[in-house]
Amino acid sequence: MSASPRRTAGPPPGTYQIPSLGWRILGGALRLVPLVVLLIGVPVAILTFLAAHGIDLPLPIVTVEVAGVVITILVVARYVLRPSAAYGPLSIATAGATLAYLYLILLDATYHLTIPGTGVTLTIGYSTLILVLLIVPALALAAGALTLVEDAVAPRERWPFDFPP
């Protein structure tokens, strides 16, 4: 009696299982809460605290709020629409919005803090940090462009890798 390979339960190899829209919306909602806290709540709270103590702000609070909202919406939409052809353009838009936001920060990446009652001015430059941070969305922009091209040339080819069984 020859032993035949035993099949395991589940879809055959090379297939994919895309989560339902409901699960993707739930996953997007679970990403929404920490993103709102990290991209909007914490920066706005810090800037409000600084403004309340008479310290000049490097960016207006409204700019931080709008950038945080835009990036958060794009990240959640990208997650929900991952199995569609909109994933590449949404990845490009998310990376572009992040690049624009970091560029706004880079424009005034030197902060001058004058200590009241003294003639001492503390200068802090963080342009190198922002330039290093710009690498991540730049790579994400390139990945989004490649995904867009790949989805146009071979639709659904990435699904077995993005949604393994």
Side-chain angles (χ1 to χ4, degrees), residues 18-152 158-159 161-163:
I18 296 175
S20 69
L21 181 61
W23 281 110
R24 293 192 320 259
I25 290 173
L26 177 64
L30 291 174
R31 289 173 183 251
L32 182 70
V33 174
L35 284 172
V36 167
V37 170
L38 290 174
L39 294 178
I40 302 167
V42 172
V44 168
I46 291 170
L47 291 175
T48 303
F49 176 79
L50 293 174
H53 288 84
I55 299 173
D56 293 331
L57 302 179
L59 280 177
I61 293 176
V62 174
T63 303
V64 174
E65 288 175 338
V66 169
V69 167
V70 167
I71 293 170
T72 298
I73 288 170
L74 287 171
V75 166
V76 171
R78 185 182 67 182
Y79 180 81
V80 171
L81 297 174
R82 188 172 183 182
S84 71
Y87 181 68
L90 280 170
S91 295
I92 293 170
T94 304
T98 307
L99 281 168
Y101 181 48
L102 288 173
Y103 181 73
L104 282 175
I105 295 171
L106 181 65
L107 288 177
D108 192 21
T110 303
Y111 190 70
H112 304 283
L113 178 64
T114 303
I115 300 175
T118 66
V120 177
T121 301
L122 183 64
T123 303
I124 301 169
Y126 49 93
S127 60
T128 305
L129 173 65
I130 300 301
L131 288 172
V132 169
L133 290 176
L134 280 168
I135 294 170
V136 175
L139 291 173
L141 183 73
L146 290 173
T147 301
L148 175 66
V149 170
E150 183 65 26
D151 282 350
R158 67 178 167 87
W159 288 2
F161 302 101
D162 286 353
F163 307 104

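Here the CG atom belonging to L102 is positioned 11.0 Å from the CG atom belonging to L107, to the nearest 0.5 angstrom. To the nearest 0.5 angstrom, L50 atom CG is 9.0 Å from I61 atom CD1. Expressed to the nearest 0.5 Å, how far CD1 of I130 lies from CG of L104 amounts to 11.0 Å. Interatomic distance, OG of S84 versus CG of L90, reported as 7.0 Å (0.5 Å rounding). The OG1 atom of T72 sits 4.5 Å away from the CD1 atom of I40 when rounded to the nearest 0.5 Å. The line from CZ of R31 to OH of Y79 is 5.5 Å long, rounded to the nearest 0.5 Å.
The shortest non-hydrogen separation linking A95 to P137 is CB-O, 3.4 Å. Nearest heavy atom pair, residue Y126 against residue P58, reads OH-CB, 3.8 Å. Listed here is the closest heavy atom pair of V64 and P43: CG1-CB, 3.6 Å. Between L74 and A97, the closest heavy-atom pair is CD1-CB, 3.9 Å. Listed here is the closest heavy atom pair of G144 and I92: C-CG1, 3.6 Å.
The one candidate from T48, V42, L47, I46 that meets the side-chain contact (heavy atoms from CB on, under 4.5 Å) condition with V44 is T48. Checked options I105, L129, L106; the residue passing with L134 is L106 (criterion: side-chain contact (heavy atoms from CB on, under 4.5 Å)).
Shown here are the side-chain contact (heavy atoms from CB on, under 4.5 Å) partners of V120, two or more places apart in sequence or in another chain: I115, T118. Not counting sequence neighbours, the partners of I135 by the side-chain contact (heavy atoms from CB on, under 4.5 Å) test are L139. Shown here are the salt bridge (Lys or Arg N to Asp or Glu O under 4.0 Å) partners of R158, two or more places apart in sequence or in another chain: D151, D162.
Between the side chain of Y111 and the backbone N or O of D56, at least one donor-acceptor pair lies under 3.5 Å. Of the possible polar contacts, none joining the W159 side chain to the I18 backbone as a donor-acceptor pair under 3.5 Å is found. Judged purely by atom type and a 3.5 angstrom limit, R24 has no side-chain atom pairing as donor or acceptor with the backbone of L81. Looking at T98, its side chain does come within 3.5 Å of a backbone N or O of T94 through a donor-acceptor pair.
Contact of the T63 side chain with the P60 side chain is registered, since non-hydrogen atoms from C-beta on lie closer than 4.5 Å.
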Report the C-alpha separation of L59 and Y101 in whole Å, then their side-chain angles, then the decisive distance to 0.1 Å, and conclude whether the side-chain contact (heavy atoms from CB on, under 4.5 Å) test is met.
CA-CA 10 Å; L59 280 177; Y101 181 48; 4.2 Å; yes
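Within 6.0 Å of OH in Y103 there are 12 or fewer heavy atoms belonging to other residues, nucleotides or ligands.
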